[in-house]
Chemist: 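Supplied in structure tokens, the structure appears directly below.
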Amino acid sequence: MQDSQRRQINSPSVAAPRGHFSHAVIAHDTIYVSGLLPFDEQGVVIAPGDVRAQTQRIFEILERILNEAGATLADTVQLTTYVTDIEQRAPVNDVRKQLFGLCRPASTLVEVSALAAAGAVIEIDAVAVRSRS
């Protein structure tokens, strides 16, 4: 793929990635967002163990990254959510309803034994498609 059709996004308003990856990659009009953890701007997990607060934070980060890529939350077409306790899906769903309203991306929710940052109980990755206006 030519460079003009592929661009990496590393938002300066989000903690830097902790590995060899980008916050997101745009290929044509599709935005692939890496798994997001509930970090503050310094890369520290916020509200350890609090799935609601962490979910809200992740969606704030997602919105910043999508904005940097020329998209909004409404452009999201797929979410994959990883939680350390499947019984916590109700607060996750509540936050999603508040933020996405009638927009209902395709979705997968998976319980995992641990995440890549101590205190994190949720991680979300996303795919969005920029509108052609």
Chemist: Quick test of your reading: applying side-chain hydrogen bond (donor to acceptor under 3.5 Å, both in side chains), list the pairs with at least one residue in residues 9-27, sequence neighbours left out, ordered by first then second residue.
Modeler: S11-S13
Chemist: Please report the interatomic distance CG(L36) to CD1(I58), rounded to the nearest 0.5 Å.
Modeler: 6.5 Å
Chemist: Excluding sequence neighbours, so at least two apart, what forms side-chain hydrogen bond (donor to acceptor under 3.5 Å, both in side chains) with R57?
Modeler: E41, E60
Chemist: How does the hydrophobic cluster around V127 look, that is, which other residues are in it when side-chain heavy atoms under 4.5 Å mark a link?
Modeler: Y32, V77, V129
Chemist: Kindly say whether I26 contributes a backbone atom to a donor-acceptor pair with the side chain of R130 at under 3.5 angstrom?
Modeler: no
Chemist: Could you pull out the closest heavy-atom pair between Q54 and P48, with the gap in Å?
Modeler: NE2-CA, 3.6 Å
Chemist: Could you give the side-chain donor-acceptor pairs of residues 116-124 under 3.5 Å, partners two or more places apart or in another chain?
Modeler:
none

Chemist: So which residues get pulled into Y82's cluster when ILVMFWY side chains under 4.5 Å apart are joined, directly or through others?
Modeler: L37, F39, V45, V110, V112, L115
Chemist: Treat each ILVMFWY residue as a node, draw an edge where side-chain heavy atoms are under 4.5 Å apart, and state whether I61 and L73 are in one component.
Modeler: yes
Chemist: Suppose we screen for side-chain contact (heavy atoms from CB on, under 4.5 Å). Which residues come up paired with A24, at least two apart in sequence or across chains?
Modeler: I9, I31, V33, I65
Chemist: Return the set of residues passing side-chain hydrogen bond (donor to acceptor under 3.5 Å, both in side chains) with T30 (not counting sequence neighbours), or none when no residue passes.
Modeler: none
Chemist: Do any pairs count as a salt bridge (charged side-chain N to carboxylate O under 4.0 Å, His left out) and have a residue in residues 95-115, sequence neighbours left out, and if so which ones?
Modeler: none
Chemist: Are side-chain heavy atoms of P38 and Q56 found at a separation under 4.5 Å?
Modeler: no
Chemist: Please report the closest heavy-atom contact between T76 and A126, naming both atoms and the distance.
Modeler: CG2-CB, 4.4 Å
Chemist: List in chain and number order the residues that pass salt bridge (Lys or Arg N to Asp or Glu O under 4.0 Å) with D94, two or more places apart in sequence or in another chain; answer none if no residue qualifies.
Modeler: R52
Chemist: Would you mind reporting whether R89 and L109 have side-chain heavy atoms less than 4.5 Å apart?
Modeler: yes
Chemist: May I have the step-by-step check of side-chain contact (heavy atoms from CB on, under 4.5 Å) for D125 and T81, ending in yes or no?
Modeler: CA-CA 7 Å; D125 64 42; T81 304; over 6 Å; no
Chemist: Does one hydrophobic cluster hold both V92 and L99, with members joined at side-chain heavy-atom distances below 4.5 Å?
Modeler: yes
Chemist: ring-ring contact (aromatic ring centres under 6.0 Å, His included): which pairs involve residues 83-121, sequence neighbours left out?
Modeler: F59-F100
Chemist: Could you work out, with side-chain hydrogen bond (donor to acceptor under 3.5 Å, both in side chains) as the rule, every residue matching T72, not counting sequence neighbours?
Modeler: D75
